[in-house]
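A short write-up of the structure that comes next.
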Amino acid sequence: MDKTYNPSQESAIYDQWEKSGIFTPVVPKNPVQSRLDKEPFTIILPPPNANNPLHAGHALYTVEDTMVRFHRMLGDPTLWLPGTDHAGIETQFVFEKYLQKQGKSRFDYDRQTLFKMIFDYVNQNRDVAKNQMKRLGFSLDWTREKFTMDQDHIGRVYSVFRKMVDEGLIYRDEKIVNYCTFCGTAFSNLEVEHKTVNSHLWYIKYGPLTVATTRPETMLGDTAVAVNPKDQRYQDLVGKTITLPLVNKEIPVIAEESIDPEFGTGAVKVTPSHSPEDYDMAKKHHLEFIRIFDYDGKSNDNVPKKYRGFYPKEVRQMLLDDLQAQGLLLKTEDYTHEVGHCYKCGRPIEPITAPQWFVKIKPLADKAEEVVKKDEILIFPKRFKKSYLTWMKDVRDWPISRQIVWGHQIPVWYCVDNEPTKFDLTFIDKKGQTVHGNWFQICDQGYSYDEIKLGLQSLIADTAAKYYLSEEEAKKHGSFVLQETDTFDTWFSSGQWPYSTLGWDPEGHHSPDFEYFYPTTVLDTMWDILFFWVARMIMFGIYTTGQIPFKVAHMHSRVTDSKGQKMSKSKGNVIDPLTMSDKYGADALRMALVIGVAPGSDISLSEDKIRAQRNFVNKIWNASRFVLMKVEQLEAHSIDIENIDSNKYPEDKEITTKLNALIESTTNNINTYRFGQASEDLYQFFWKSYCDVYIEATKNRGVDAVPVLLHVLVTSLKLMHPFIPFVTEAVYQQIRPILKQSDELIASSGWPKN
RNA sequence: GGUUGUUUAGCUCAGUUGGUUAGAGCGCAUCGUUCACAUCGAUGAGGUCGGGGGUUCGAGUCCCUUAACAACCACCA
């Protein structure tokens with residue numbers, strides 16, 4: 001044996017494991033009955049995004065690997081299923097940056113071409129991530145690897161969509177959505193970041209009254225002014241109309257309870273198409289909706305000519321100038337408030353009415369709330385249970401359509417010729433020109449259906465447009481059929497991941513894998529996607545399969561740098577897991593990520609910490625080297641460590657007593673997700689109790705110390721294996737030949753018992 | 001605006017059901033190279049466990065209050 005542990009042998013060890021097939025569980029002939037007899041331990045890997053190599057956060061899959069290896073050693077049938085997520089908007093955003101470097105943009109390509117380009121790009125990355133996971137020792141069953149872009153997954157997502165449409169759980173409506181004009185897509189509330197902005201409150205004279213607003217640019221779309229019904233000042237005006245300045249249009253004054261008389265002037269301008277509150281008000285009072293900003297962010301034909309074709313910021317200034325000139329701008333106050341920004345590009349979100357697909361969330365949320373409330377699904381650490389329940393309680397309908405190409409195209413087809421004015425089409429023609437208009441306008445220019453279909457970029461259908469859930473069905477009703485160009489929110493797809501990866505079948509012909517492994521046991525992920533992903537999986541799981549998708553949702557925390565700061569490229573404080581593995585070994589990195597970390601708290605990682613764990617790994621190596629040296633002094637060919645006498649010497653008794661306590665505490669700690677405590681105890685036991693005290697104590701004894709030395713070593717190797725699989729395996733293979741009874745790999749050997 | 005979390009040695013953090021002189025890693029000081037390991041060993045310095053109050057025979061651990069920091073949620077002009 002070398003004088004120090006050499007981590008370069010780790011890849012070879014991984015290959016050995018993979019070839020042995022221990023990562024691949026065998027599904028019994030009668031999965032349903034077998035599951036009742038003995039439930040398997042199953043984890044579906046939270047699929048990493050396909051757009052980037054792994055970062056330190058992914059290295060935390062270590063926690064899952066630890067659980068999986070532990071259960072495998074316990075003898076449980078164990079499955080850890082890998083996969084990758086296409087990560088819709090995330091990936092498209094990364095790809096667009098890449099396009100930008102080449103002087104291109106998404107507008108230069110038709111839908112199909114762009115999709116194909118992203119697909120190729122993503123495929124290059126997928127193998128990188130896979131090899132990285134192997135490098136870190138993750139005992140995943142690669143024979144079952146999945147990708148969210150697999151046809152069978154898409155097929156399942158489509159079938160669930162159709163079922164939800166049929167049952168009225170999905171609807172199409174033109175509502176206020178969070179729209180990013182730069183990214184060109186709508187977002188859910190969760191994807192909006194609220195930032196504090198120093199702005200102004202402008203007081204503008206609206207005929208006989210004055211309104212106070214933070215968004216003067218929307219006044220061109222005002223269709224009412226609202227006041228509190230109890231407000232004495234305005235009682236005479238309620239029910240009457242006033243003239244909207246600059247536009248010179250009559251708009252009503254309405255009474256609305258939610259208006260705070262204390263704020264501003266107590267009179268609020270109402271812009272139903274560009275403000276969520278105003279939208280609700282308008283629905284209630286049957287006001288007119290006038291959308292003045294288009295999806296490209298510019299003002300449209302609904303505003304007076306001089307204001308057309310500008311961005312909100314520009315319109316704002318023009319209006320303020322004009323109001324000032326006419327003496328209608330009475331006052332400007334400093335005002336600080338929260339404004340929604342796009343979580344991807346950081347630009348302000350424009351609330352815009354747009355036709356989108358929505359999930360009616362309440363029926364799903366009610367059940368998802370109940371299972372957690374009743375602890376049928378255990379959320380760990382407990383504090384996340386509370387935030388989950390709070391969120392579930394007043395969750396709003398979920399907009400699931402995204403105006404991007406990278407994702408699952410919504411399986412809905414329109415007959416564009418039947419309702420020619422209801423579709424807003426954009427496509428690139430044969431000459432490479434971008435053409436825009438409705439069906440009539442485009443046909444007038446002489447374009448054919450085939451040319452439009454081939455070059456199609458986007459199709460925006462009126463909410464009243466008739467749609468069909470399959471292409472065949474649509475073709476029965478019209479000859480010019482086009483598919484919806486919106487794609488699903490990624491979480492609509494990944495929310496169905498647990499049952500989809502296991503082979504759930506819409507017709508009920510489920511795969512043996514599904515029957516045996518579903519519901520899964522543990523879902524481990526970072527708390528930042530508790531609502532995005534965990535909550536959606538619970539809702540979908542219950543809705544589609546009638547069962548919860550997993551029994552435990554274990555939330556881990558984020559990896560920070562040595563100062564507790566979030567890692568980011570711009571800060572330059574990222575620690576690359578692969579660089580660290582090459583330098584110090586994967587075991588050292590894994591140990592550094594779990595040791596002494598309290599459940600759910602941030603994990604501060606530093607190279608110093610990894611180096612310290614490398615030293616620990618080396619300590620194991622060298623202690624083993626010492627024991628083997630002692631063994632060589634023996635004449636015996638093999639040693640029986642199953643039946644040892646530890647009562648002869650006090651130090652033997654002491655170490656075996658401690659070892660037995662360690663077996664118990666380690667088992668308990670892993671079972672209760674206290675990995676930080678478990679690894680800490682193992683570290684202390686091995687280095688202090690075993691090496692510094694016990695080994696030293698045996699040095700003045702002869703070979704009669706060997707059986708206990710060996711017994712404690714082998715047992716602690718097994719206990720440490722889930723955390724640091726490589727060194728324990730490497731050492732075990734050195735020791736194995738002299739053991740009387742042994743498994744071929746430590747990875748397949750039994751968990752120690754007292 | 002609402003909610004949650006954090007505050008323990010110079011640094012990063014453990015400390016589950018309250019119980020003897022409060023722990024680890026790194027860093028620091030002194031010493032030690034005879035054959036497991038200098039990626040090592042021995043010894044040591046260093047903490048009024050954010051502040052205040054309370055419960056208790058006993059509190060870092062439970063309760064109240066306060067301060068600082070962090071994060072999450074949020075359609076008020």
Side-chain angles (χ1 to χ4, degrees), chain A residues 1-5 176-178 189-190 192-194 201-202 211-216 218 225-227 256 258-260 262-271 275-281 335 337-338 340 349 351 381-384 386-387 389-391 393-396 527-528 530-531 557-558 560-566 584-585 588 591-592 595-630 665 668-669 672-674 676-677 679-681 683-684 687-688 691-692 695-696 699 709:
Chain A
M1 280 174 86
D2 295 337
K3 207 171 166 184
T4 51
Y5 170 68
I176 281 269
V177 290
N178 305 299
N189 284 347
L190 285 172
V192 176
E193 279 181 3
H194 294 84
L201 195 57
W202 287 278
V211 300
T213 181
T214 56
R215 299 196 68 203
T218 61
V225 169
V227 297
E256 173 60 42
S258 61
I259 304 299
D260 176 7
E262 304 292 317
F263 188 91
T265 60
V268 181
K269 62 191 266 325
V270 182
T271 319
S275 156
E277 306 84 41
D278 297 1
Y279 176 88
D280 291 342
M281 235 183 273
Y335 186 66
H337 63 147
E338 302 287 316
I349 286 286
K382 264 194 342 216
R383 71 187 134 99
F384 292 111
K386 197 174 174 185
S387 57
L389 291 175
T390 311
W391 185 77
K393 213 161 198 69
D394 38 39
V395 61
R396 303 172 79 96
W527 48 255
D528 65 340
L530 179 63
F531 308 133
S557 193
R558 90 167 17 125
T560 64
D561 72 3
S562 61
K563 289 175 188 135
Q565 297 290 307
K566 189 180 171 180
Y584 300 108
M591 197 69 175
I595 193 161
V597 173
S601 67
D602 280 356
I603 300 154
S604 94
L605 185 67
S606 62
E607 191 160 344
D608 277 348
K609 198 170 177 187
I610 299 167
R611 193 184 302 116
Q613 296 311 315
R614 185 272 315 264
N615 295 351
F616 175 60
V617 168
N618 191 55
K619 189 76 183 177
I620 296 170
W621 180 260
N622 270 296
S624 311
R625 204 153 71 95
F626 172 79
V627 174
L628 281 167
M629 216 182 63
K630 283 281 181 186
S665 70
N668 285 340
N669 282 329
T672 51
Y673 314 101
R674 288 202 289 264
Q677 189 64 52
S679 50
E680 179 88 45
D681 291 348
Y683 181 101
Q684 293 304 331
W687 202 318
K688 291 281 171 327
C691 293
D692 292 347
I695 287 184
E696 292 305 320
K699 276 186 176 171
L709 268 174

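A, B, ... follow the sequence lines: proteins, then strands. Residue 1 opens every chain.
Residues S604(A) and K609(A) have side chains that never bring a donor and an acceptor to within less than 3.5 angstrom of each other. Judged purely by distance below 3.5 Å, without hydrogens or angles, the side chains of Y683(A) and Q613(A) never pair a donor atom with an acceptor atom. A donor-acceptor contact under 3.5 angstrom links the side chains of S557(A) and D602(A), judged on distance only.
Without hydrogens or angle criteria, S275(A) side chain to T271(A) main chain gives no donor-acceptor distance under 3.5 Å. Formation of a donor-acceptor pair under 3.5 Å by the R383(A) side chain with backbone atoms of G600(A) is found in this model. A donor-acceptor pair under 3.5 Å is formed between the side chain of W621(A) and the backbone N or O of D2(A). The main-chain N or O of T4(A) is never found under 3.5 Å from a side-chain atom of N622(A) such that the two would form a donor-acceptor pair.
Residue contacts for S275(A): at a heavy-atom cut-off of 4.0 Å it reaches no nucleic acid atom on any strand shown. Residue contacts for Y335(A): at a heavy-atom cut-off of 4.0 Å it reaches the sugar-phosphate backbone alone, with no base atom in range. Residue A623(A) is classed as a base contact, given a heavy-atom separation below 4.0 Å to a base. T4(A) comes within 4.0 angstrom of a nucleotide base, judged by non-hydrogen atoms across all strands. Looking at heavy-atom distances under 4.0 Å, K3(A) makes contact with sugar-phosphate atoms alone, never a base. Among the protein residues, I595(A) comes within range of no part of the nucleic acid, since none of its heavy atoms lies under 4.0 Å from any strand. Among the heavy atoms of the strands lying under 4.0 Å from R625(A) are primed sugar atoms or P, OP1, OP2 only; no base atom is included. Residue T390(A) is out of contact with every strand shown, counting any heavy-atom pair closer than 4.0 Å. Among the atoms of the strands shown, none is found under 4.0 Å from any heavy atom of K630(A).
Side-chain atoms of L190(A) lie closest to C73(B) of the nucleotides A36(B), G15(B), C73(B). When distances run from any side-chain atom of F531(A) to the nucleotides A36(B), U39(B), C73(B), the shortest one goes to C73(B). Comparing U4(B), A36(B), A74(B) by their nearest atom to the side chain of N189(A) picks out A74(B). Of the listed nucleotides (A74(B), G15(B), A36(B)), G15(B) has the atom at the smallest distance from the side chain of P599(A). With A42(B), A36(B), U16(B) as the choices, the nucleotide that has an atom nearest any side-chain atom of D692(A) turns out to be A42(B). Looking at the side chain of W527(A), the nearest of the listed nucleotides C72(B), A74(B), G5(B) is C72(B). Relative to the side chain of R674(A), the nucleotides U39(B), U4(B), U16(B) differ in distance, and U16(B) lies closest.
Residues T560(A) and E696(A) both approach RNA chain B. Their nearest nucleotides, taken by heavy-atom distance, put T560(A) toward the 5′ side. Along RNA chain B, the nucleotide closest to Y5(A) and the one closest to V192(A) are compared, and the more 5′ of them pairs with Y5(A).
Side-chain contact between I620(A) and F616(A) is present, with at least one heavy-atom pair separated by less than 4.5 Å. With contacts defined as side-chain heavy-atom distances shorter than 4.5 Å, the pair D608(A)/S562(A) does not qualify. Looking only at side-chain heavy atoms (C-beta outward), F531(A) and N189(A) stay at 4.5 Å or farther from each other.
Judged by atom type and distance alone, K566(A) does not reach the base of A70(B) through any side-chain donor-acceptor pair under 3.5 Å. Remark: the Q677(A) side chain and the A14(B) base include no donor-acceptor N/O pair separated by less than 3.5 Å. The base of A70(B) is not paired with the side chain of Q565(A) by any donor and acceptor separated by under 3.5 Å. Side-chain N/O atoms of R383(A) and base N/O atoms of U4(B) include no donor-acceptor pair closer than 3.5 Å.
In this structure, A67(B) and U7(B) make a Watson-Crick or G-U wobble pair, each of the two defining distances being under 3.5 angstrom. A59(B) is unpaired under the Watson-Crick or G-U wobble criterion, no partner having all donor-acceptor distances under 3.5 Å. When both pairing distances are held under 3.5 Å, A29(B) makes a Watson-Crick or G-U pair with U43(B). Remark: C72(B) base-pairs with G2(B); criterion is Watson-Crick or G-U wobble with both hydrogen-bond distances under 3.5 Å. The partner of A22(B), taking Watson-Crick or G-U wobble pairs whose two distances both stay under 3.5 Å, does not exist in any strand shown. Judged by Watson-Crick or G-U wobble contacts below 3.5 Å, the nucleotide A36(B) has no partner.
Comparing the same atom, C1', in C13(B) and in U21(B) gives a spacing of 23 Å after rounding to whole Å.
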**Fill in**
In B/S/- notation (B base, S sugar-phosphate only, - none; protein heavy atoms under 4.0 Å), nucleotides 17-27 of chain B written 5' to 3' is -------SSS-

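Distances shorter than 4.0 Å separate none of the side-chain N or O atoms of K619(A) from OP1 or OP2 on A38(B).
The interatomic distance linking N622(A) (CG) with C35(B) (P) rounds to 13 Å, in whole Å.
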